[in-house]
Structures are given as C-alpha cells and as structure tokens.
Amino acid sequence: MNVRIVGTGSAVPKLRVTNDDLSRLMDTSDEWIKSRTGIESRHLAVEETTTGMAAEAAGKALQEAGMTAEELELIVAATATPDRFLPNLACEVQSALGAKNAVAFDVSAACSGFLFSMNTADMYLKNGFCKNALIIGAETLSKIMDWNDRSTCVLFGDGAGAAVLRAEETDSTEAQPEGILSTVLGTDGARGMVLRCDNRPVNNPYVQNDTALSYVSMNGQEVYKFAVKTVPKVIEAAVEKAGLAVDKIDLFLLHQANYRIIEAVAKRLHQPMEKFPTNLQEYGNISAASVPILLDNVKNHGMIKKGGKIVLAGFGAGLTWGASVLRW
Ligand code: UT7
C-alpha cells in the first residue's frame, strides 16, 4: 500500500509584521532578530482564526487532490492553539468544509505536530481503516505569546498548512514504492519544561484560584542544543529505515524555528544548504504549521519533481521530534 500526498494548501493572516515594526513596540532590533534567527517578518492574526486558516488551507489541498469535502474519510489536525477547548480543531474544520463523512480528531505534539498527525493518518490508511485523510498543522501562536517577553514573542507567527493523503494499492511491478516511505518519532517528557505554556489552573468551588493566564516561556539555548543534536539523528534514522542514504535525499523540509539550527543540521548531515529551503524569513516559527506551509510553498515553486525524495522533520515542545521520508 502506498500512501501519497495528493494535495497541499496553506494560509496565513493578512497582517505582515516586520522586525522594524516590532522594534517600535519593544526593545529589540531587526539586526538582533535577523542575526540570531534569520527571521525578517511574521504574519499575525487580527480577524483570522486557527479554524478559518486551517479550513482555507484544507480547501486548497482538497482542490488540488480533485476531491470534494464529502469524500474525506479522516481529518487529523495538529495544533497547540485551537480556537476552543471543545470542540477540537479537526471537528471545527470538518464543519467548515462540510466534510460530513469524515472522522475528525486532533493530535498535540507542538512543533512536531504535523509529523505526528501525518504518521497517525499513514497508519490508519495502511491498516485499511480508510482510503484518504486530510492532515493539518494550524496555529494562532500570537495569542499565547507574552508580548512583554522579547526573547520569545519575536520568534513566532500564525498560519496553517494542510495536505491530503490517499492510499493506493501497490503495483507489484513498480520498481520503487512511492509516498510515505518511513517515519521515526521521538519524545522526552522529562525535558519538557524547557518550552512550556501552562493550561488554566484548577478552579472549582473547593479551590480559590486567581492565577493569571500563562504564556509561552522558553529556555532558548536548551531548545537550540536539543534541536541541533536530535534532528540530524532522527533524519538519519528515518532515511535508513527507508533504505536510502542521506546523499540521495533531494530536499530536507525542516521545522522553521531558526536558520542557524537548519544550517547546523545541514552541516552535521554533510549536505548543502541548497537542499534546505526555508520560509522562516517571511513567516517566523509557526509550530505545527511550519512544515506543511513550507511543503506547500516549495511544491508551488516547482521544486519537487516526480520521484524526488524529500524529508520532512519537526522538533519542539514536549520535547517531541520526528522525521518522515517521502518519494513524490
Ligand atoms: O519551535 C520551538 C523551537 N524553538 C527553538 O528552536 C528556539 C531555539 N533557540 C533559539 O533559536 C535561540 O536560543 C534564540 C534565538 C531564542 C535566542 O538566541 P541566543 O543566542 O540563545 O540569545 P540569548 O537568549 O542568549 O540572549 C542573548 C541576549 C540577552 O541579553 P544579555 O543577557 O546577553 O544582555 C537577551 O536579553 O539577547 C537579549 N535578547 C534580545 N535582544 C534584542 C533576547 N531577546 C532579544 C530580542 N531583541 N528580541
């Protein structure tokens, strides 16, 4: 059974905020942000919502797949910033699309979320539970940022990306399988507090609680070290599991947290930066949405050829990480 991506889509808010715009609001500078991260701007929601952007991205992915919403059988959405606790984002997208025959649920794995949702859908498809799936990474991170903490708020943005997966019987004469060839995922909850955003505190008739709402806090250097060490290893493991060599990979689409992290990963893998397209310059870090938006951008620029081998890789809060190898 081959499980292939047959459509992608993305959506970001209209408002683009540059580093210079932020330097008028807080003690930061274009020079600091750009030199430490590569980020030049981010798109921030004003009227947009996680659901609205996810549904827009999903609509484009469905259109490219040549499918109607009613044909969808599964929706798996990855987000840390849904619009509501209940219902989940996937159900909200199901409603927005009119995908009334789909089963819809969310996965929560922060910046690795798209990899986790793709792997979940891949397993459902390969097990024969359904024949197609919509996977989504969507975030409105700006609402959980502490806009008085310049060390975090300048890094993140809002947006959504989506992909339609389809299961196809493998042709026994086919020389090489296509679609998702392998996935390796990992988690380390013991180190989770380096990147956190607490939920609402216990609040009931037996507890007096006036704790203020929590926002994202991060030990940037610890996350940096974790990423640089773990991402090359998980990519190597996924490539080996696919029966390939790292040199044979055409493109590495990494979570867009920091250009320096991507350069360090490329160096450790002995691969040229030309194989690592980026869009963090324009969008910043959009957690679960980073990888699917980059995939959509790269595909729309004609950078993925039929038969091309690509790696998708994510890492972030949890700690969580993952990589998948695909033949297009
Ligand atoms: O998707 C989740 C994954 N997250 C990541 O991958 C983040 C990984 N970490 C990083 O990308 C980097 O650690 C950061 C970009 C977050 C920070 O870079 P850094 O080189 O580790 O800087 P730092 O935190 O050590 O801060 C250096 C200095 C500090 O000043 P002092 O103490 O040296 O005087 C900060 O107060 O930079 C200061 N600083 C800023 N200055 C201007 C921190 N934020 C800012 C800012 N503008 N926005």
Side-chain angles (χ1 to χ4, degrees), residues 17-42 44 78-81 108-116 137-142 144-161 186-189 191-197 215-232 234-235 252-266 268 276 278-281 283-294 312-323:
V17 177
T18 64
N19 294 342
D20 284 333
D21 292 334
L22 288 185
S23 71
R24 286 187 275 277
L25 302 175
M26 63 189 78
D27 182 16
T28 190
S29 65
D30 179 52
E31 200 281 326
W32 191 96
I33 301 171
K34 220 180 338 188
S35 64
R36 304 268 171 157
T37 69
I39 296 166
E40 294 168 21
S41 67
R42 70 287 297 139
L44 300 183
T79 186
T81 50
S108 172
C111 305
S112 315
F114 189 73
L115 274 298
F116 279 65
E139 305 284 6
T140 314
L141 294 168
S142 59
I144 58 165
M145 286 301 134
D146 177 353
W147 288 93
N148 293 311
D149 175 9
R150 65 179 181 168
S151 70
T152 52
C153 70
V154 303
L155 307 173
F156 296 92
D158 301 331
T187 58
D188 182 3
R191 286 191 287 165
M193 289 303 124
V194 298
L195 175 46
R196 64 193 276 188
C197 178
Y215 294 95
V216 168
S217 64
M218 176 170 73
N219 180 334
Q221 289 180 3
E222 286 304 314
V223 177
Y224 192 97
K225 281 189 260 172
F226 146 70
V228 167
K229 211 168 148 192
T230 311
V231 178
V234 72
I235 290 176
F252 297 85
L253 307 185
L254 268 52
H255 171 50
Q256 300 290 291
N258 184 320
Y259 194 80
R260 285 160 56 214
I261 292 177
I262 298 171
E263 275 183 325
V265 172
R268 287 194 185 206
F276 292 74
T278 55
N279 64 9
L280 57 79
Q281 295 82 350
Y283 300 127
N285 177 347
I286 324 181
S287 194
S290 275
V291 170
I293 294 177
L294 182 64
L312 306 181
F315 57 91
L319 299 172
T320 59
W321 59 93

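Order of listing sets the numbers, starting from 1, for every ligand and every atom in it. Start at 1 with the first residue, then count along the sequence.
- The presence of a protein heavy atom under 4.0 Å from atom 44 (N) of ligand 1 is confirmed.
- Protein heavy atom nearest atom 29 (C) of ligand 1, with residue, atom name and distance: Arg150 NH2, 4.8 Å.
- Rounding to the nearest 0.5 Å places OG of Ser290 at 5.0 Å from NE2 of His255.
- The distance from ligand 1 to the heavy atoms of Thr37 drops below 4.0 Å at these ligand atoms: 15 (C).
- Distance check on atom 40 (C) of ligand 1: some protein heavy atom falls below the 4.0 Å cut-off.
- Residue Asn285 has at least one heavy-atom neighbour below 4.0 Å for each of these atoms of ligand 1: 1 (O), 2 (C).
- For atom 9 (N) of ligand 1, a protein non-hydrogen atom is found at a distance below 4.0 Å.
- Residue-ligand proximity, Ser151 to ligand 1, at heavy-atom distances under 4.0 Å covers atoms 43 (C), 44 (N).
- Atoms of ligand 1 lying under 4.0 Å from at least one heavy atom of Cys111, given by number and element, are 1 (O), 2 (C).
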Kindly determine whether Val265 and Ile235 satisfy side chain to side chain contact (heavy atoms under 4.5 Å, CB included), including the steps that lead there.
CA-CA 9 Å; Val265 172; Ile235 290 176; 4.1 Å; yes

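- One finds no salt bridge joining Glu263 and Arg260 here, because no Lys/Arg side-chain nitrogen approaches an Asp/Glu carboxylate oxygen to under 4.0 Å.
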Report the C-alpha distance between Gln281 and Ile39 in whole Å, list the side-chain angles of each, state the deciding distance to 0.1 Å, and finish with yes or no for side chain to side chain contact (heavy atoms under 4.5 Å, CB included).
CA-CA 4 Å; Gln281 295 82 350; Ile39 296 166; over 6 Å; no

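- For the residue pair Asn19/Arg42, the side-chain donor-acceptor check at 3.5 Å is satisfied.
- For Leu155, the closest heavy-atom approach to ligand 1 falls below 4.0 Å.
- Each of the atoms 2 (C) of ligand 1 lies under 4.0 Å from some heavy atom of Leu195.
- Note that atom 37 (O) of ligand 1 has protein non-hydrogen atoms nearby, at separations under 4.0 angstrom.
- The six-membered or imidazole ring of Trp321 lies near that of Phe226, with a centre-to-centre distance under 6.0 Å.
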Stepwise side chain to side chain contact (heavy atoms under 4.5 Å, CB included) test for Leu280 and Asn285
CA-CA 6 Å; Leu280 57 79; Asn285 177 347; over 6 Å; no

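- In this structure, Tyr259 and Gly38 approach most closely via the heavy-atom pair CB-CA, 4.1 Å.
- Each of the atoms 48 (N) of ligand 1 lies under 4.0 Å from some heavy atom of Val154.
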List the steps, then state whether side chain to side chain contact (heavy atoms under 4.5 Å, CB included) holds for Asn279 with Gln256.
CA-CA 7 Å; Asn279 64 9; Gln256 300 290 291; 3.3 Å; yes

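- Residue His255 approaches ligand 1 through these ligand atoms, each under 4.0 Å from one of its heavy atoms: 1 (O).
- With hydrogens and angles left out, the side-chain atoms of Asp158 and Ser142 include a donor and acceptor closer than 3.5 Å.
- Atom CZ of Phe156 sits about 14.0 Å away from atom OG1 of Thr140, to the nearest 0.5 Å.
- Under the 4.0 Å distance rule, the nearest protein heavy atom to atom 32 (O) of ligand 1 falls outside the cut-off.
- When distances from atom 14 (C) of ligand 1 to the protein are checked, no heavy atom turns up under 4.0 Å.
- Scanning the protein heavy atoms around atom 42 (C) of ligand 1, the nearest turns out to be Trp32 CG, 3.4 Å.
- The contact set between ligand 1 and Asn258, taken as ligand atoms under 4.0 Å from a residue heavy atom, comprises 10 (C), 11 (O), 15 (C).
- Using a 4.5 Å cut-off on side-chain heavy atoms (C-beta onward), Leu141 and Ile144 make contact.
- Selection from Asp27, Val223, Thr28 by nearest heavy atom to atom 47 (N) of ligand 1 gives Thr28.
- The shortest separation from a heavy atom of Met218 to ligand 1 is under 4.0 Å, placing the residue in contact.
- Atom 20 (O) of ligand 1 has as its closest protein heavy atom Arg36 NH1, 2.8 Å.
- Ranking the protein heavy atoms by distance from atom 21 (O) of ligand 1 puts Gln221 CG, 3.2 Å first.
- With no hydrogens or angles considered, a side-chain donor-acceptor pair links Ser151 and Asp149 at under 3.5 Å.
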